[in-house]
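One-based numbering along the sequence shown. Everything numeric here is computed off the predicted structure, so don't read it as measured data. Note that these values count all heavy atoms, side chains included, but never hydrogens, waters or copies made by symmetry.
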Amino acid sequence: MNNYVQRFLLENLDIRGAVVHLDSVWQQMLQDRDYPASVVQLLGDMSATTLLLSSNLKQLGRLTVQLKGDGPVPMLVIDCDESLHLRGMAKHVPQVGMLPVPDLLGHGQLVLTLDMLSMREAYQSIVPLDGDTIAEVFEHYFKQSEQLLSRLFLTTSDNAIFGILLQKLPTADQQDPDGWTRIEALAATVQNQPMFRLTAEEILTRLFTEEAIRIFEAQKVSYGCHEDPAKIYNMLQSLGRAEVNAILQECGEVVVHDDICNREYRFDALAIDAIFREAGPTIH
């Protein structure tokens with residue numbers, strides 16, 4: 001399995017974590033996007049982190065993570081459900097160079113929205129963008145929202161993504177006062193090693209050779225964009241016949257672009273007429 005998240009626990013240290021690896025799913029997300037290299041880096045690191053967060057979802061639901069700022073990359077959105085169906089997108093100005101992360105994003109916010117069937121309303125957490133890397137931005141979030149000391153080690157290329165999350169549990173210092181410092185230093189070496197082709201078990205045993213590691217079952221990650229015309233039909237119906245007809249008269253057709261999935265839907269007059277005549281999501 002080359003697209004997965006796998007959680008683990010360093011049992012004698014009370015340090016938990018997870019490994020994430022994507023290749024084909026990541027390539028699907030980038031297909032036909034033509035993102036600049038700096039945007040690919042941001043989106044990849046953010047995708048890895050969102051999956052590490054989503055792997056803890058136990059019920060039907062969806063986690064949406066947004067970075068919004070006033071820089072040349074004003075928005076990144078990653079969306080993932082409890083089955084780890086992942087999708088995402090970035091908005092950027094036409095020319096984006098290889099700038100530091102704070103210069104790419106500008107001043108703004110990290111917004112996490114958790115929407116689960118068991119909840120009466122969605123939970124949302126908003127924190128300022130604070131950090132020189134995507135990893136530091138989310139480490140700050142963990143400290144603010146979960147009161148857990150956390151470290152992220154992320155690597156993104158055009159072909160694959162790799163990441164490790166470490167979190168220090170409240171009892172860790174009682175188990176070993178030096179444990180967190182030692183594990184943190186060992187995990188940092190992962191970015192100097194070629195890890196894309198190794199399994200999570202191989203990676204963890206190489207990094208933490210002297211530790212007792214409990215490795216949990218891998219969770220498969222899939223690309224979350226599938227053609228969904230019913231959603232588009234419902235959206236057009238909600239606009240109303242008069243407004244859709246006005247667009248049709250002005251443009252000759254109605255074009256709906258699904259930004260997060262990079263997919264375009266086009267409707268001529270006959271198709272629009274069928275949508276409103278049937279007024280249902282099962283029209284073809």
Side-chain angles (χ1 to χ4, degrees), residues 1 4-22 41-42 44-58 63 65 67 84 100-102 110 112 114 125 127-157 160-219 221:
M1 191 189 303
Y4 66 85
V5 178
Q6 196 152 10
R7 296 184 298 114
F8 65 90
L9 175 68
L10 301 177
E11 294 189 281
N12 297 331
L13 300 178
D14 281 355
I15 295 172
R16 71 182 183 188
V19 175
V20 59
H21 179 275
L22 296 183
Q41 181 74 46
L42 290 174
D45 287 357
M46 191 171 158
S47 298
T49 307
T50 302
L51 283 167
L52 292 167
L53 287 165
S54 300
S55 67
N56 288 319
L57 289 176
K58 304 300 183 187
L63 177 68
V65 182
L67 296 182
L84 301 189
V101 168
L110 163 62
L112 286 93
L114 179 60
S125 176
V127 298
L129 292 178
D130 186 0
D132 292 332
T133 64
I134 293 295
E136 288 183 8
V137 168
F138 281 92
E139 287 167 0
H140 174 72
Y141 163 77
F142 282 121
K143 187 174 181 180
Q144 292 287 103
S145 67
E146 298 187 13
Q147 285 79 51
L148 282 179
L149 191 58
S150 305
R151 288 298 312 275
L152 282 161
F153 304 93
L154 308 171
T155 302
T156 291
S157 73
I161 299 171
F162 173 79
I164 289 183
L165 168 68
L166 292 177
Q167 291 189 308
K168 181 181 180 182
L169 299 175
T171 53
D173 286 338
Q174 299 171 25
Q175 298 283 24
D176 185 338
D178 300 319
W180 175 255
T181 302
R182 183 173 69 254
I183 295 303
E184 189 180 15
L186 290 170
T189 66
V190 75
Q191 294 173 309
N192 300 322
Q193 303 179 40
M195 293 293 182
F196 285 152
R197 297 183 180 179
L198 300 180
T199 66
E201 184 173 355
E202 290 170 335
I203 293 163
L204 294 171
T205 52
R206 287 191 186 194
L207 288 176
F208 312 124
T209 53
E210 298 182 4
E211 307 298 338
I213 310 170
R214 186 195 305 179
I215 302 175
F216 300 94
E217 186 176 353
Q219 298 169 265
V221 181

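The structure places CG of D173 at 10.5 Å from CG of L13, a figure rounded to the nearest 0.5 Å. Expressed to the nearest 0.5 Å, how far NZ of K168 lies from CD of E184 amounts to 9.0 Å. D14 contributes atom CG, which lies 3.0 Å from atom OG1 of T171 (distance to the nearest 0.5 angstrom). In this structure, CG on L204 lies 12.0 Å from OG1 on T209, to the nearest 0.5 angstrom. Here CD1 of I134 is found 8.0 Å from CG of L129. Values are rounded to the nearest 0.5 Å. Taking CZ from F208 and CG from L10, the interatomic distance works out to 5.5 Å, rounded to the nearest 0.5 Å.
For the pair T133 (side chain) and E136 (backbone), a donor-acceptor distance under 3.5 Å is present. Checked by atom type and distance alone, the side chain of Q6 pairs as donor or acceptor with a backbone atom of F216 at under 3.5 Å. Checked by atom type and distance alone, the side chain of T156 pairs as donor or acceptor with a backbone atom of D45 at under 3.5 Å.
When side chains are defined from C-beta on, F8 does not count as touching L165, because their heavy atoms never get closer than 4.5 Å. At least one side-chain heavy atom of R16 sits under 4.5 Å from a side-chain heavy atom of L148. Between T49 and V137 the shortest side-chain heavy-atom distance does not fall below 4.5 Å. Residues S54 and L84 form a side-chain contact, since some pair of their non-hydrogen atoms from C-beta on lies under 4.5 Å apart.
For E11, the side-chain hydrogen bond (donor to acceptor under 3.5 Å, both in side chains) test picks out R214, with sequence neighbours left out. With sequence neighbours left out, the side chain to side chain contact (heavy atoms under 4.5 Å, CB included) criterion links T199 to E201, E202.
Across all non-hydrogen atoms, the minimal contact from I164 to L52 is C-CD1, 4.5 Å. For the pair L152 and F138, the tightest heavy-atom approach, listed with the atom from each and the gap, is CD1-CB, 3.6 Å. Of all heavy-atom pairs between V20 and V5, the closest is CG2-CG2, 3.9 Å. Closest heavy-atom contact between A48 and L154: CB-CD2, 4.0 Å. G131 and P102 get closest at one heavy-atom pair: O-CG, 3.6 Å. For the pair A188 and F153, the tightest heavy-atom approach, listed with the atom from each and the gap, is CA-CE2, 3.5 Å.
Inspection of the S150 and Q167 side chains reveals an N or O donor paired with an N or O acceptor under 3.5 Å.
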Next item on the list: Using the side chain to side chain contact (heavy atoms under 4.5 Å, CB included) rule, take V19 and F162 through it: C-alpha gap first, then chi angles, then the decisive distance, then the call.
Entry: CA-CA 8 Å; V19 175; F162 173 79; 3.7 Å; yes
Next item on the list: Mind running side chain to side chain contact (heavy atoms under 4.5 Å, CB included) on L51 and L22 for me, showing each step along the way?
Entry: CA-CA 10 Å; L51 283 167; L22 296 183; 3.7 Å; yes
Next item on the list: Under the side chain to side chain contact (heavy atoms under 4.5 Å, CB included) rule, what do R206 and L198 come out as? Steps first, then yes or no, please.
Entry: CA-CA 10 Å; R206 287 191 186 194; L198 300 180; 3.7 Å; yes
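In this pair, Y4 and H21 present their aromatic rings parallel. The plane angle is below 30°, not in the 30 to 60° band.
Ion pair E211/R182 flagged as a salt bridge, since at least one NZ, NE, NH1 or NH2 atom sits closer than 4.0 Å to an Asp/Glu carboxylate oxygen.
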